Amino acid sequence: MAEKRLLLIDGNSVAFKAFFALYTSLGRFTNGDGLHTNAIYGFNTMLETMLDKVQPTHALVAFDAGKVTFRTKMYDDYKGGRAKTAPELSEQFPYLKELLKARGIKTYELPNYEADDIIGTTAKRAEAAGFTTTIVTGDRDLTQLANDHTTVAISKKGVSEIERYTPAYVKEKMGVTPEQIIDIKGLQGDNSDNYPGVTGVGPKRAVDLIDQYGSVEGVYDHIDEITAKKLKEHLVADKDQAFLSKKLATINRDAPVDLTLEDLTYAGPERDALVAFYQRMGFRKFLQGMSVDGVTPSATPGLKAIAYTVLTAANLADVQVTDECAFYLEMDGDNYHLAKFAGFVIGHDDHWWVSRDVSLLQMAPLKQLLENAQVAKQVFDAKRTYVGLNRLGITLAGVDGDLLLCSYLLNTYDNSNDLGRVAAEHGYDQVETDEDVYGRGAKRAIPTDDTVFFKHLARKAQAIARLKQTLFKDLEENDQAELYRQIERPMAFVLARMEIEGITVDADELRAMGSKFSEQLAEIEQTIYQEAGEEFNIGSPKQLGHILFEKMHLPVLKKTKTGYSTAVGVLEKLAVDAPIAENILKYRKIAKIQSTYVEGLLKVINPADHKVHTRYLQTLTQTGRLSSVDPNLQNIPVRTEEGKAIRKAFVPRHPGWQIFSSDYSQIELRVLAHMSHDANMQEAFREGEDIHAATARRIFKLGSDQEVTPNIRRQAKAVNFGIVYGISDFGLSQNIGISRKQAKQFIETYFEEYPGVKAYTEHMVQVAHDQGYVETIAHRRRYLPDINSRNFNQRSFAERTAMNTPIQGSAADIIKIAMIHMEEALQGMQATMLLQVHDELIFEAPAEEIPTLAKLVPKIMDSAVKLEIPLKVESHAGPTWYDLK
DNA sequence: TGTGTCACG
DNA sequence: ACGTACGTGACACAG
């Protein structure tokens, strides 16, 4: 007899997972009728995977029938407090059922029962009939159904990845057998289904108890053996709840399901119906998968035709642009300092001109147009466009709208660098993403087909032109127009010029350091091998873990998801008794410097000018800070001497010049003092006190005659940092190695001494709750949807960011303003601004200009904004970056 | 491609 | 009871 394989799917659970996995792309997944399709799409992806893997002979998708079930009769509040299903998801269910019908898969729901019960019942019948069954769900509770005939596949990471639970795997992962899952639930309850279990019992204790006594019944049979007094009290008090919770968690395997296994026979899809469905949903990927005739892949449903003219040297004069145009310069690759030019589009809603030949841009009519500040340009990523054109000898001027920048300011989560995606976020659907047109990963390439490429370019320009008004209006509504016009837009050009300028790196110096590090590494390596008694890969956490904890039997202090932790903190503790740990730390430190900084930097020095040209990402961070890539020049070592040596390779571009830097001193705490209006903190800054020492005096209640020792200053400093990060007693205790209770005491005292700060932190959390976002002094926004999350971790994280973002973000605002003013201030000087490292600006200049800079730069920086307390700036100069101390 | 580790403010 | 500091990027390894 042929093997019978049954695929059972928990429809609600998988749809729910798919919906949230693709939630951030909700805007991209709509069909021509405006129906959201992300859950349907994700569900179908899962189906394809599972059908392929399982090759079922029978299949069923079970759905919940409604809110009222036999469980709500047992317990009124079952699944109470659950947020209502999002309408964007609910509307997809009827279509999901249609999809399943077209795929030839039976669907079923049963009043009074949940999908779980239908699945449990069907699986039981299938087991009796000799089937091999696979259950697909997003809900771990169903692992109680795992046995020799039935495995439970839980979709993780959205729906693309699954985790298969066999009885052995359940035991390994959860510490109990499948049958005992319900006992665990009985004791610990279930937050998402809203039933309580026993007070004071979480997952850990529940597993321990069940491991020892076998079941909830077993626990109560041996209740007298339990010595922990509090635990016993809770168990006794909550006995009824425990038994009720166990019942609620138990899947009913004898529900009145009026389906026979015969009804579930799976014979594959009805092809025509499925094709028609995919077409209605606009699922090009799935249509391609079926290689349907007459459906061209690029013909996205709903995408209208677009007209354009191909430019050549002969028809350049046809380009008719008077006061405004959209422009997009396409390159093959992210690194616009080096990427090959692929083409461009210029024009307006009446007409689009395109070409692959960027040299046309260097010719009179187009060059003049681009350099004319009177012609307003609408672009996507002004900085990238400016740098690209600069390579062609063109200085872009007159940029009005930058779709990317505007979109980022409106919502930092919409920070995709892809025009198609950004457009979709703002409700514009007439342009595809680059991924759709160019492909992704290794397969990504500019199309050789002119029509495909030019159409896409024209659609990009059209999207830019069409969205400008909307986004400007949104910025006005958010009170962010000034942030855009006065800060971010000019900032883009300041950054572009810094990137183009680059900073000189002495490759010989780096190579010399490199060979020294190589020698040191070889030496430490040998010592480690001797200590270990064998050779192994020190860089592999897995092999290292094996040597330290299995071969050498060092104590396991901490574990990671995948094995033993060998992080610094762990090795430092081990180093007390085991010299090998000390050597590994040394090895790691040098290996890091060698690979990331010596070798990494050598790779990116431009041979033509001996410089490195980073790219600042202006639309990435959630706080408004910049980030730096390719290479990252914002994390060049400074804290250890070996690392700091790397800075010797950063030199001025001319002999006799100097590197100069100015940094804001404690800008974040000053911002906090300003925003919180805290009188005590403001006083400390106004009096020019050492803020950490002042804080130490306050929280340790020192008299004026008592000395602030380095140790208590260090602790006070950690508390100050903690406040800025959104403090927790646990975090603080970890950081400075004190007990949690002590940390809690510190924080309480801190808030007593700085009551304004306490009020500020509470106010920010409240603001986030009330309006859904927090703001910086320049009206930069960060939305915090998780602030109302029922998940403790997500909510706590949102609360900490509500406190931190206005501080970190306002500091970012301030230095950006200073940088914009700086360019003007440096007019007529040879000095050049090269780098920004969050609270620090780095320049190069002829030695004779240094005294001028030393006055000018701090003046620009501390007058960037007017706060309730002064800003403080410190400056340094020297022959290399290393010498700035 | 995800994880662990470590570099910076 | 929950499980933690905020914001980043690059590298090596392993699957």
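Quick note on labels: first sequence line is chain A, next is B, and so on, each numbered from 1. Computed from a predicted model, the values in this text were never measured in an experiment.
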A.B. asks: Taking the nucleotide of DNA chain C with the nearest heavy atom to each, does A/Phe797 or A/Ser595 sit closer to the 5' end?
C.D. replies: A/Phe797

A.B. asks: Within the modelled atom types, does a donor on one side and an acceptor on the other bring the side chain of A/Arg639 and the base of B/dG9 under 3.5 Å apart?
C.D. replies: yes

A.B. asks: Pick base, sugar-phosphate or nothing for A/Ile636, based on heavy-atom distances below 4.0 Å to the nucleic acid.
C.D. replies: sugar-phosphate

A.B. asks: Quick one: label A/Ile807 by what it contacts on the DNA or RNA (base, sugar-phosphate, nothing), any heavy atom closer than 4.0 Å.
C.D. replies: nothing

A.B. asks: Of the options B/dG4, C/dA10, C/dT8, whose atoms approach the side-chain atoms of A/Thr596 most closely?
C.D. replies: C/dA10

A.B. asks: With nearest nucleotide decided by heavy atoms, which residue, A/Asn793 or A/His838, maps closer to the 5′ end of DNA chain C?
C.D. replies: A/Asn793

A.B. asks: Between A/Arg713 and A/Asp690, is there a side-chain N and carboxylate O pair less than 4.0 Å apart?
C.D. replies: yes

A.B. asks: Could you check whether the rings of A/Trp881 and A/Phe650 sit parallel, tilted or perpendicular, using 30° and 60° as the cut-offs?
C.D. replies: perpendicular

A.B. asks: If pairing requires Watson-Crick or G-U wobble contacts with both distances under 3.5 Å, which nucleotide is the partner of C/dC13?
C.D. replies: B/dG2

A.B. asks: What contact category does A/Asn635 fall into here, base, sugar-phosphate, or nothing, at under 4.0 angstrom with non-hydrogen atoms?
C.D. replies: base

A.B. asks: Taking 4.0 Å as the cut-off, does a side-chain nitrogen or oxygen of A/Arg625 come that near to OP1 or OP2 on C/dT8?
C.D. replies: no

A.B. asks: Strictly below 4.0 Å, N to O, side chains only: are A/Lys872 and A/Asp862 in salt-bridge contact?
C.D. replies: no

A.B. asks: I'd like to know if the side chain of A/Tyr750 pairs up with that of A/Lys758 as donor and acceptor (distance under 3.5 Å, no hydrogens or angles considered).
C.D. replies: no

A.B. asks: Does A/Val201 reach a base, just sugar-phosphate, or nothing at all? Heavy atoms under 4.0 Å.
C.D. replies: nothing

A.B. asks: When all nucleic acid strands are considered with a 4.0 Å heavy-atom cut-off, which category describes A/Thr199: base, sugar-phosphate, or nothing?
C.D. replies: nothing

A.B. asks: Reckon A/Ala802 touches a base, only the sugar-phosphate, or nothing at all at heavy-atom distances under 4.0 Å?
C.D. replies: nothing

A.B. asks: Using atom P of each nucleotide, how far apart are B/dA7 and C/dT4 to the nearest Å?
C.D. replies: 22 Å

A.B. asks: Nearest 0.5 angstrom please: A/Ile736 CD1 to A/Phe721 CZ, how far?
C.D. replies: 12.5 Å

A.B. asks: Please evaluate the base of C/dC6 for a donor-acceptor partner in the side chain of A/Gln808 within a cut-off of under 3.5 Å?
C.D. replies: yes

A.B. asks: So what does A/Thr805 touch, heavy atoms closer than 4.0 Å: a base, only the sugar-phosphate, or nothing?
C.D. replies: nothing

A.B. asks: For DNA chain C, which residues of residues 536-548 of chain A approach it to below 4.0 angstrom with any heavy atom?
C.D. replies: A/Asn537, A/Gly539, A/Ser540, A/Lys542, A/Gln543

A.B. asks: What is the distance, rounded to the nearest whole Å, between atom CG of A/Asn720 and atom P of C/dC6?
C.D. replies: 17 Å

A.B. asks: Less than 4.0 angstrom from a charged side-chain N to a carboxylate O is my criterion; do A/Asp786 and A/Arg795 meet it?
C.D. replies: no

A.B. asks: What nucleic acid atoms does A/Val837 come within less than 4.0 Å of, heavy atoms only: base, sugar-phosphate, or nothing?
C.D. replies: sugar-phosphate

A.B. asks: Judged by modelled atom types alone, do A/Tyr336 and A/Glu499 share a side-chain donor-acceptor pair under 3.5 Å?
C.D. replies: yes

A.B. asks: Looking only at atom P, what distance separates B/dC8 and C/dG3, rounded to whole Å?
C.D. replies: 31 Å

A.B. asks: Reckon A/Asp630 touches a base, only the sugar-phosphate, or nothing at all at heavy-atom distances under 4.0 Å?
C.D. replies: sugar-phosphate

A.B. asks: Between the side chains of A/Glu642 and A/Arg588, is the shortest nitrogen-to-carboxylate-oxygen separation below 4.0 Å, so that they form an ion pair?
C.D. replies: no

A.B. asks: Base, sugar-phosphate, or nothing for A/Arg782, non-hydrogen atoms under 4.0 angstrom?
C.D. replies: sugar-phosphate

A.B. asks: Please determine whether any donor N or O and acceptor N or O are separated by less than 3.5 Å between the side chain of A/Ser728 and the base of C/dT4.
C.D. replies: yes

